[in-house]
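What follows is one structure encoded as structure tokens, with my remarks underneath.
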Amino acid sequence: MIVLDHIDINQGAFSVRNVCMNIPQNAYAVLMGSTGSGKTTLLEIICGLRQPDCGRVLLNECDVTHATPAARDVGYVPQDGALFKTMTVFEQLAFSLVVRREHHSAIETRVSELAGLLDIEHILDRTPAGLSGGERQRVALGRALSFRPGILLLDEPLTALDDETRSQIMHLLKQVQQHTGVTVLHVTHNRSEAEQLGTMMLCISNGCVQALTQDKKEESYV
Amino acid sequence: MTPTTRTWRPPGKHSDRAFIAVFSIILATYAFLILLLLVADIAYVGWSPQNNSSWPFAEAFLSAFRSPEIRSAMTLTMISCTITAILSVFVAIPAGYLLSRYRFPGNRAVDALLDIPIVLPPLVVGLSLLILFQFLPRGMREAIVYERPAVIIAQFAVSCAFAVRIMRAAFDQTDERCAQVAQTLGCSRRQAFLMVELPEAWPGVLTAVTIAWARALGEFGPLLIFAGATRNKTEVLSTTVFLELSIGDLSAAVTVSLIMVTAAVAVVLTARTWGSRTFNI
């Protein structure tokens with residue numbers, strides 16, 4: 001469950017005012033908005049990389065407004081994947097578990113499970129330099145899911161992909177959400193992506209977030 | 001009445017060739033000048049009338065190595081340059097990281113301040129060190145000034161500034177977003193730095209070490225003022241060249257210069273090999 005309670009943020013010319021948002025448990029929410037409307041800023045506020053000027057962030061009914069990103073139990077996939085250049089795919093998937101000092105066998109089991117789910121067993125010993133766009137997104141997704149977070153934030157994960165890979169990753173995202181039951185907030189400005197994936201639609205414009213009802217959805221997509 | 005239009009023709013291939021040719025000539029001229037400098041030193045040692053050996057280079061180098069003063073200078077040079085390089089990187093990593101990642105009050109002033117050792121005349125750096133250390137208690141001052149620690153301090157004062165520049169560029173070229181993702185995966189800032197950012201900036205660290213080492217090797221002005229050039233005490237290879245010249249032994253000066261050239265080339269090649277694949281200064 002993701003709740004933003006009257007969030008304000010002001011960054012020079014850019015500002016978001018009085019944002020309220022409520023995404024229920026296990027929902028696949030899609031947040032749409034034009035470039036520069038503040039979508040990424042909201043994701044950063046939720047995962048703790050940016051502090052709001054005022055307001056509260058509640059994740060699974062806990063107030064995490066002042067918690068560090070590490071303490072929030074949120075998986076984050078940034079726009080370009082931001083894979084660690086010096087690590088192999090195996091090390092990327094194992095990273096959060098190594099930080100949590102999990103047992104070696106538990107790490108191997110989890111990496112193997114994720115690699116199977118995301119169909120990346122064959123690239124586990126490769127570094128990001130040799131990966132395709134689709135493979136990079138799969139690895140970034142696996143890395144974000146590795147510690148079994150309750151919430152997954154996706155920042156335009158399909159933007160740089162070709163049509164075929166995009167459709168594969170969209171299918172994968174649906175499958176992952178059904179398999180793990182994670183609450184997803186997916187940021188995009190692509191309408192078809194939102195329609196195919198989202199169980200809940202949100203739109204940000206002029207610094208305000210509003211939920212789109214089915215009628216509004218149809219209206220806004222005309 | 002219609003305005004007259006000038007006839008425009010798309011640039012031909014010869015225009016592109018001329019552009020590249022001019023730049024190539026400038027590059028080749030400068031590279032040739034550097035090559036000539038090295039060839040002149042080698043020719044002087046190889047064909048010196050004083051050197052009648054059938055192996056003139058080996059003879060010249062052996063003669064240099066036989067001199068206890070030059071051996072002492074060489075040992076001090078290697079030790080002081082290595083300590084300076086390690087100290088420089090130890091300071092440059094946090095300094096470069098902060099300058100690259102954070103905007104704090106006085107950021108630009110600090111940034112400019114760190115460039116001062118690079119732009120100041122070397123003699124002024126030495127003189128400033130000498131004056132600064134006059135304010136220390138007498139015992140401490142006498143243990144440092146004109147003693148071996150002064151060699152390292154004088155080398156560090158300049159080398160560290162270069163290392164900070166390199167480390168800042170190295171951190172500028174790493175993706176801050178990766179460290180942020182690492183934090184969402186459970187890392188503290190320190191862990192994100194040690195596990196993600198520092199490994200990604202590692203080619204820059206190696207480059208900073210080698211450049212700081214090479215700068216320390218070539219340091220002369222601050223050393224002369226702050227550490228002096230006492231044989232078997234504070235003499236390093238750069239001061240050996242000066243001392244050999246001052247007693248009129250040009251051949252020994254050139255031989256020591258070639259030893260320094262060899263060390264510098266080895267260091268530059270190492271820096272290029274380690275750093276060029278993922279990092280550009």
Side-chain angles (χ1 to χ4, degrees), chain A residues 11-12 40 43-50 59 64 67-88 91-102 107 110 127-129 136 139-155, chain B residues 89 92-93 96-98 100-105 107-108 166-210 271-281:
Chain A
Q11 296 174 299
T40 299
L43 288 195
E44 288 176 346
I45 288 171
I46 295 168
C47 66
L49 296 173
R50 195 184 290 269
L59 302 178
V64 295
T68 60
R72 295 193 181 205
D73 190 32
V74 172
Y76 175 46
V77 180
Q79 197 169 350
D80 57 354
L83 297 182
F84 307 142
K85 292 182 191 68
T86 57
M87 295 183 200
T88 62
E91 288 166 334
Q92 315 248 2
L93 298 183
F95 185 85
S96 67
L97 308 173
V98 171
V99 170
R100 286 167 172 75
R101 296 182 182 171
E102 293 221 6
I107 294 175
R110 179 62 179 154
T127 55
R136 292 175 72 87
V139 175
L141 187 60
R143 185 181 60 182
L145 290 168
S146 59
F147 58 103
R148 298 183 175 86
I151 290 162
L152 181 63
L153 305 178
L154 306 169
D155 191 358
Chain B
V89 170
I93 289 174
Y97 182 74
L98 285 178
S100 170
R101 290 284 189 264
Y102 293 95
R103 294 290 164 266
F104 50 86
N107 180 290
R108 288 185 175 203
I166 291 165
M167 283 319 304
R168 184 189 171 157
F171 285 118
D172 280 346
Q173 286 176 34
T174 60
D175 187 0
E176 191 179 2
R177 187 59 91 185
C178 290
Q180 294 178 334
V181 170
Q183 286 177 266
T184 66
L185 292 170
C187 284
S188 63
R189 280 226 68 131
R190 180 181 59 84
Q191 284 175 312
F193 172 75
L194 291 175
M195 296 172 79
V196 176
E197 292 179 288
L198 192 56
E200 287 192 5
W202 193 245
V205 176
L206 297 176
T207 307
V209 169
T210 46
R272 288 276 178 270
T273 311
W274 276 341
S276 62
R277 268 167 283 170
T278 53
F279 175 70
N280 301 305
I281 299 169

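Sequence lines set the chain letters: A, B, ... in the order given, protein chains first and strands last, and positions in each chain run from 1.
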Less than 4.5 Å apart, any side-chain heavy atom of [X] and any of [Y]?
X: A:F84; Y: B:M195; result: no
X: A:P78; Y: B:V181; result: yes
X: B:Q183; Y: A:T68; result: no

**Report entry** N/O donor-acceptor pair under 3.5 Å between B:R177 side chain and A:G81 backbone
**Finding:** no
Query raised in the report: Quick one: does B:E200's side chain have a donor or acceptor within less than 3.5 Å of a partner on A:K85's backbone?
Result: yes
**Report entry** B:Q191, part contacting chain A, at a heavy-atom distance under 4.5 Å
**Finding:** side chain
Report task. Could you tell me which portion of B:A192 (side chain, backbone, both or neither) has an atom closer than 4.5 angstrom to a non-hydrogen atom of chain A? Result -> neither
Query raised in the report: What is the distance from atom CG of B:L198 to atom OG1 of A:T86, rounded to the nearest 0.5 Å?
Result: 10.0 Å
Report summary line: chain B shares the most heavy-atom pairs under 4.5 Å, among A:G48, A:A82, A:A140, A:S146, with A:A82
Query raised in the report: Which atom names give the shortest non-hydrogen contact between B:T184 and A:F147, and what distance separates them?
Result: O-CZ, 3.7 Å
Quick one: what part of [X] sits under 4.5 Å from any heavy atom of chain B, side chain, backbone, both or neither?
X: A:D80; result: side chain
X: A:L83; result: backbone
X: A:R100; result: side chain

Query raised in the report: Just wondering, more than 12 heavy atoms not from B:R103 lying within 6.0 Å of its CZ?
Result: yes
